[in-house]
Amino acid sequence: MKSLLHAETEIIIPFHDVDPMQITWHGNYLRYFEIVRCELLDKLDYNYRQMQESGFAWPIVDVQIKYVRSSTFGQKIRVSADLVEWENRLRINYQVRDAESGERLTKGYTIQAAVDMSNNELCFVTPEVFQAKIRPLLGEAGA
């Protein structure tokens with residue numbers, strides 16, 4: 001899938017994210033995904049505050065993570081996010097790599113769906129407010 005928008009950040013694994021063997025606890029990867037997802041949404045100029053102000057919530061409805069290799073206390077990682085679907089839902093693909101070697105440690109994706117906050121109904125088509133943000137990336141008229 002072709003990326004429409006890309007963001008990445010570096011994180012040094014803190015002590016409080018690891019288990020007694022100094023290996024990153026698996027649940028922390030979801031937080032790393034969220035950190036870079038927020039950067040991606042900021043680049044789009046449609047972050048979580050703006051979503052709420054526009055009347056839509058975007059809960060995660062599906063998540064998948066594949067753990068390839070462990071990360072450890074003090075290791076610098078590069079976490080990237082790519083927006084690859086947007087028409088009916090947001091699919092964001094993630095990669096976690098060792099910042100020095102580039103070796104892949106973890107990969108995954110999240111799927112978010114728009115929910116109209118006025119009636120709590122799922123939107124089967126991405127709301128116009130998001131479409132207006134994505135049009136410039138697509139090179140479409142009316143951007």
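When reading the values below, keep in mind they use all heavy atoms of this one structure, side chains included, and skip hydrogens, waters and symmetry mates.
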- Query: Do Gln22 and Ile13 touch side chain to side chain, with heavy atoms closer than 4.5 Å?
  - Reply: no

- Determine whether Ile23 and Val18 make a side-chain contact, defined as any pair of heavy atoms from C-beta on separated by less than 4.5 Å. no

- Pair Asp42, Asn47: side-chain N/O donor-acceptor within cut-off below 3.5 Å: yes

- Between NE2 on residue His6 and CG on residue Leu83, distance to nearest 0.5 Å: 12.0 Å

- Message: In this structure, is the centre-to-centre distance between the rings of Trp58 and Phe130 below 6.0 Å?
- Response: yes

- Task: Mind checking the OG1-CE spacing from Thr24 to Met21? Nearest 0.5 Å is all I need.
- Result: 11.0 Å

- Message: Taking Asp17's backbone N and O only, do any of them form a donor-acceptor pair with Asn28's side chain (distance below 3.5 Å, no angle check)?
- Response: yes

- Lys76 (side chain) donor-acceptor with Glu100 (main chain) under 3.5 angstrom: no

- Task: May I ask you to check whether Tyr94 and Tyr29 place their ring centers less than 6.0 Å from one another?
- Result: no

- Can you hop from Phe73 to Tyr67 via hydrophobic side chains spaced under 4.5 Å? yes

- Item | Polar contact flag, side-chain donor to acceptor under 3.5 angstrom, Tyr32-Thr9 | no

- Kindly indicate whether the side chain of Leu41, heavy atoms from C-beta on, has any atom under 4.5 Å from the side chain of Tyr48. yes

- Task: Assess whether side chain to side chain contact (heavy atoms under 4.5 Å, CB included) is satisfied between Trp86 and Leu138, documenting all intermediate values.
- Result: CA-CA 11 Å; Trp86 65 272; Leu138 302 172; 3.4 Å; yes

- Message: Looking at Gln52, I'd like to know if its CD atom is crowded, meaning that more than 12 non-hydrogen atoms belonging to other residues, nucleotides or ligands lie closer than 6.0 Å.
- Response: no

- Measure from the side-chain N and O atoms of Asp116 to the backbone N and O of Asn120, and report whether any donor-acceptor pair falls under 3.5 Å. no

- Message: Can a donor-acceptor pair be found, under 3.5 Å and without considering hydrogens, that links the side chain of Thr110 to the backbone of Val63?
- Response: no

- Can you find a pair of side-chain heavy atoms, one from Val68 and one from Thr106, that are under 4.5 Å apart? no

- Interatomic spacing from NZ in Lys66 to CD in Gln95 - rounded to 0.5 Å: 13.0 Å

- Message: Is it the case that the side chain of Asn119 and the backbone of Glu121 share a donor-acceptor pair, with hydrogens and angles ignored and the cut-off at 3.5 Å?
- Response: yes

- Message: For Gly102, is there any backbone N or O sitting under 3.5 Å from a side-chain donor or acceptor partner on Arg97?
- Response: yes

